[in-house]
Enquirer: 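Take a look at this one; I'll ask things after.
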Amino acid sequence: MKQLFLSVNDGSVSLEETPAPSVKDNTVIMETLYSVISAGTERSLAAFGEKNLIQKAIERPDQVKKVTEKMSADGILSALEAAFGKLQDPMPMGYTAVGKVVQTGSGVTGLSAGDIIAAVGQAYHSEVNRIGKNLAVKVPEETEDIRQAAFAALGGIALEGIHQAEVIPGETAAVIGMGLLGHITARILDAYGCDVIGFDVADKTLPGTRLKAFIDSADSNAPEMVKALTKGRGADKVIITAAADSNAPVDLAQAIARDRGVICMIGVTKMELDRRPFYEKELSFKIARSYGPGRYDSSYEEDGRDYPAGYVRFTEGRNVEEFLRLLAGKRLNLSDLITHVIPFSDAEAAYEMITKNPDHEKYTGVLLEYGHSDTKWNSVIRKKSIPSADKKTVRKRQINLGLIGAGLFARSTMLPVMKESGLYHFTGLAATGGTASAQAGKMFPFDYITNDYRKLLEEPETELIAVSTQHNSHAKFITEALEAGKHVYVEKPLCLTLEELCRIERAYENSSAELFCGLNRRHAPLIRQIRKELQTDRVPAVYEYTVNAGYIPSEHWTQDEKKGGGRMIGEAVHFIDTLQSLDGSGLAGLDVFFAGNGAYPDKDNAVLVLRFSSGAAASIVYTSMGSKRYPKEQLKVFSSGAVYEMDNYVKLRRFGSSRRKDISLRQDKGILAQYRYIADVLRGKRKNEAIGDAFEGHRMLLSQLER
């Protein structure tokens, strides 16, 4: 299948070939019939991409701040490499479409293959999309023009603004910004029995949008004109749909709103609120969060957990349902807003029109049309693998690597470092989602991309399977790959339970293949330097490792003990393994003590106490309560009259008979060194000594966590 991506680096768009996504629990697979180009949103993204680095920095000072903070903590080069890496990651475009269901996953009720659905959020400009069940709504059979259902996300945004503004039938509502979203909002308000006054800097009135009046936003008499239309009261509710770089829409809204009126922002403008008019009129200002309750909540959008209607009447999905009800009942008609229907194959030309518009065309609603035939769609969905158009030659002594999963770590760290090493040839990439596959495939030279991971296990040439998936799937992929005779490298952790760990150990013992866990810090130059200079593997030491981990909300998947296992098993294994490598004698004991603080997720803050067979002792302070300005990781080693302080894998200070300090421009946590180590083991140059520590560290930590 083909999918449209935007390059944030230069603003260009391109259609990329990638396998169709495979169905998951609580999702449906949809063949797209029409998707909407939201001209305002997508034009602004393309325009941002076209800007140079200085212009990007001026527009996003928040991101510049993050980069500068990373520079101070991780080193200048590390921060710049991370920033430039994000710019290279292609962005999937689109978020609202109509299509036909071709497959449903477990947990999906009310939808069947063949149903026509409106989809939002995960509805990219793509021939096939995987949609969470709460983001897909069946289009009523009474709907005469299913193209209009493709505007579902915009309808949901408009409805959420109307609900947040607490609009009552019969009120006068002002809509500031008469673009596509403004017209849809005005028409829904009219369908609900409101008088609507439209505002814009240019006359964008349309016969199909019934307004009580249209007023030029720049007219200085606008407040008086509104009073004349409302018996001197002003607008009951004001909904801002404009996209502007100025504060003018907000200034206008507070001027035309009546006493105790409500202003709701669903557009994108500056928001500098003048206290005086808000105080004098006792105005309320609200911001609607996209399509409604459930937006950005992974339990709702990804896991399919709906909110009870008795508590949340209009969720994200039920806003879409209401939009479709208005269409089906002919209370809402958007047919005249569709000014262009462009074949998906010409999507790049469509973006040329909304960004540069060389022919000066007038457009409002722009649809991409995908075409349909059973033969075509069956072939798209059943096509498991896509070969690369530019297959690379395997260099001598390179290791053939197949990757399962294409998440952020794989794209931003694993693959770039492996590519830099020159030690690995990327044979195949397996991922369940078309988007992640296309992003990784565009950036890295895989021989083929597939949505069936078993192909990697069956491929004779593939030697090493790398696993970069959600933590709860690690054990499954490790054991299956080992049983298939493949070497395995897996991101930490190895698994989430002791039972899974036992299965992995049995599979490893029964296989001739090697197993590696992404516990890379033991390979970091500064860790090896400390071990060598202080001889910690011979002389017992005392270690103090502080991890200023930073806050992660409880809703994040890593905090879910069934998906991510929680932050202890997800991250603390790193620091346990680092101390194991420094001491070298084996763990004799491990205890975990959690701090109780209701302001933070459970088990986010803990002290781990380690005892080693050599007599050495260590503590790991892991906390999410600290400042971002403090280094993320600090290690202190006390041994033989000396103290070594390692600061975030950038600085090393030594205190003894003399005092020295080394500083690097680049943070080095040993990732490249680990990939060289893996290659050496697989080529018979070294023994795999790290996996024993990984098993031991996981076992002791899991034993504590499962008590």
Side-chain angles (χ1 to χ4, degrees), residues 16-20 22 382-407 409-411 413-434 436-469 473-491 504 507-508 510-518 671-672 674-688 691:
E16 301 297 331
E17 188 75 31
T18 184
S22 54
R382 291 173 181 169
K383 194 171 186 179
K384 298 290 187 181
S385 304
I386 303 294
S388 171
D390 183 25
K391 188 172 181 178
K392 305 295 182 182
T393 303
V394 185
R395 295 207 304 266
K396 188 177 181 180
R397 305 301 290 170
Q398 275 191 321
I399 294 165
N400 288 323
L401 177 139
L403 173 63
I404 301 176
F409 177 80
R411 300 196 309 273
T413 304
M414 180 193 298
L415 293 173
V417 176
M418 284 185 165
K419 183 179 178 182
E420 175 192 345
S421 74
L423 297 169
Y424 299 88
H425 173 77
F426 303 146
T427 57
L429 165 64
T432 60
S437 302
Q439 287 175 312
K442 184 174 175 62
M443 297 170 65
F444 301 99
F446 284 94
D447 292 345
Y448 64 89
I449 302 173
T450 180
N451 58 15
D452 185 358
Y453 74 92
R454 295 176 186 85
K455 181 174 175 59
L456 303 183
L457 306 186
E458 297 165 358
E459 192 75 52
E461 291 81 10
T462 301
E463 302 168 81
L464 175 66
I465 298 294
V467 179
S468 180
T469 58
S473 62
H474 285 186
K476 165 188 168 66
F477 290 129
I478 291 171
T479 53
E480 288 191 29
L482 288 173
E483 289 167 359
K486 304 295 185 183
H487 304 298
V488 183
Y489 161 68
V490 63
E491 277 188 59
I504 292 172
Y508 181 62
N510 295 329
S511 174
S512 60
E514 293 290 352
L515 173 62
F516 308 91
C517 187
I671 295 174
L672 176 59
Q674 183 182 35
Y675 296 158
R676 288 172 175 161
Y677 169 83
I678 292 172
D680 285 347
V681 171
L682 297 187
R683 293 300 179 243
K685 296 179 180 179
R686 302 180 66 173
K687 289 186 177 181
N688 185 8
I691 191 60

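Just so it is clear, the structure is predicted and the values come from calculations on it, not from any experiment.
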Enquirer: For T469, is there any backbone N or O sitting under 3.5 Å from a side-chain donor or acceptor partner on E491?
Expert: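 Between the backbone of T469 and the side chain of E491 there is no qualifying donor-acceptor contact (under 3.5 Å).
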Enquirer: Please give me the minimum heavy-atom distance between N451 and S22, naming the atom from each residue.
Expert: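 Heavy atoms only, the tightest pair is O-OG, 4.3 Å.
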Enquirer: Could you walk me through whether D447 and N400 pass the side-chain contact (heavy atoms from CB on, under 4.5 Å) test, one step at a time?
Expert: CA-CA 10 Å; D447 292 345; N400 288 323; over 6 Å; no
Enquirer: To the nearest 0.5 Å, tell me how far F477 CZ sits from L457 CG.
Expert: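 One gets 9.0 Å once the value is rounded to the nearest 0.5 Å.
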Enquirer: Quick one: OG on S421 to CD on Q674, what's the gap to the nearest 0.5 Å?
Expert: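 Nearest 0.5 Å value for the OG-CD distance: 12.0 Å.
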Enquirer: With distance as the sole test, does Y424 use its side chain to make a donor-acceptor pair with the main-chain N or O of L464 at under 3.5 Å?
Expert: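 Side chain of Y424 to backbone of L464: no pair is present.
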Enquirer: T462 side chain to L401 main-chain N or O, any donor-acceptor pair under 3.5 Å?
Expert: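 Here the side-chain-to-backbone pair does not exist.
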Enquirer: Taking NZ, NE, NH1 and NH2 as the nitrogens, is one of them in K476 or E480 under 4.0 Å from a carboxylate oxygen of the other?
Expert: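 Salt bridge flag = yes for E480 with K476.
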Enquirer: Would you say the side chain of E16 lies within less than 4.5 Å of the side chain of T18, judging by non-hydrogen atoms?
Expert: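 SC-SC contact between T18 and E16 ruled out.
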Enquirer: Any non-hydrogen side-chain atom of L403 less than 4.5 Å from a side-chain atom of F446?
Expert: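 Yes. Closest side-chain heavy atoms under 4.5 Å.
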Enquirer: Any idea which heavy atoms bring A406 and A440 closest together, and the distance?
Expert: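 Shortest heavy-atom contact: CB-CB, 4.0 Å.
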Enquirer: Run the side-chain contact (heavy atoms from CB on, under 4.5 Å) test on L682 and F516 for me, step by step, so that the C-alpha distance in whole Å, both residues' side-chain angles and the decisive distance to 0.1 Å come before the verdict.
Expert: CA-CA 11 Å; L682 297 187; F516 308 91; 3.9 Å; yes
Enquirer: Say you draw a straight line from OG1 of T427 to CG of L456; how long is it, rounded to the nearest 0.5 Å?
Expert: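 Reported value, rounded in 0.5 Å steps: 6.5 Å.
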Enquirer: Looking at S511 and Y508, would you say the former's side chain and the latter's main chain have a donor-acceptor pair under 3.5 Å?
Expert: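 Checking the backbone N and O of Y508 against the side chain of S511, no donor-acceptor pair under 3.5 Å is found.
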Enquirer: Output yes when R683 and E463 qualify as a salt bridge under the 4.0 Å nitrogen-oxygen rule, no when they do not.
Expert: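 Yes.
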Enquirer: Indicate yes or no: at least one non-hydrogen side-chain atom of E420 is less than 4.5 angstrom from one of Y675.
Expert: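 When only atoms from C-beta onward are counted, Y675 and E420 do not touch, as no gap falls below 4.5 Å.
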Enquirer: Considering all heavy atoms of both residues, which atom of A513 and which atom of K486 are nearest to each other, and what is their separation?
Expert: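 Heavy atoms only, the tightest pair is CB-O, 3.2 Å.
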Enquirer: What heavy-atom pair brings G405 and A410 nearest, and what distance separates the two atoms?
Expert: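 G405 and A410 have their closest heavy atoms at O-CB, 4.4 Å.
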Enquirer: Could you grab the distance from atom NE2 of H487 to atom CG of L515, nearest 0.5 Å is fine?
Expert: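 The distance works out to 11.0 Å.
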Enquirer: CG/L415 to CZ/F444 distance, rounded to the nearest 0.5 angstrom?
Expert: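 The distance works out to 5.0 Å.
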Enquirer: Hey, are E514 and N688 close enough side-chain-wise for a donor-acceptor pair under 3.5 Å?
Expert: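 A donor-acceptor contact under 3.5 Å links the two side chains.
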Enquirer: What pair of heavy atoms forms the shortest contact from I449 to P19, and how long is it?
Expert: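 I449 and P19 have their closest heavy atoms at O-CG, 3.2 Å.
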Enquirer: Using a 3.5 Å distance criterion without hydrogens, assess whether the side chain of D680 forms a donor-acceptor pair with backbone atoms of K685.
Expert: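 A pair under 3.5 Å: no.
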Enquirer: Nearest 0.5 Å please: distance from the OG1 atom of T413 over to the CG atom of L672.
Expert: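 Between atom OG1 of T413 and atom CG of L672 there are 12.0 Å.
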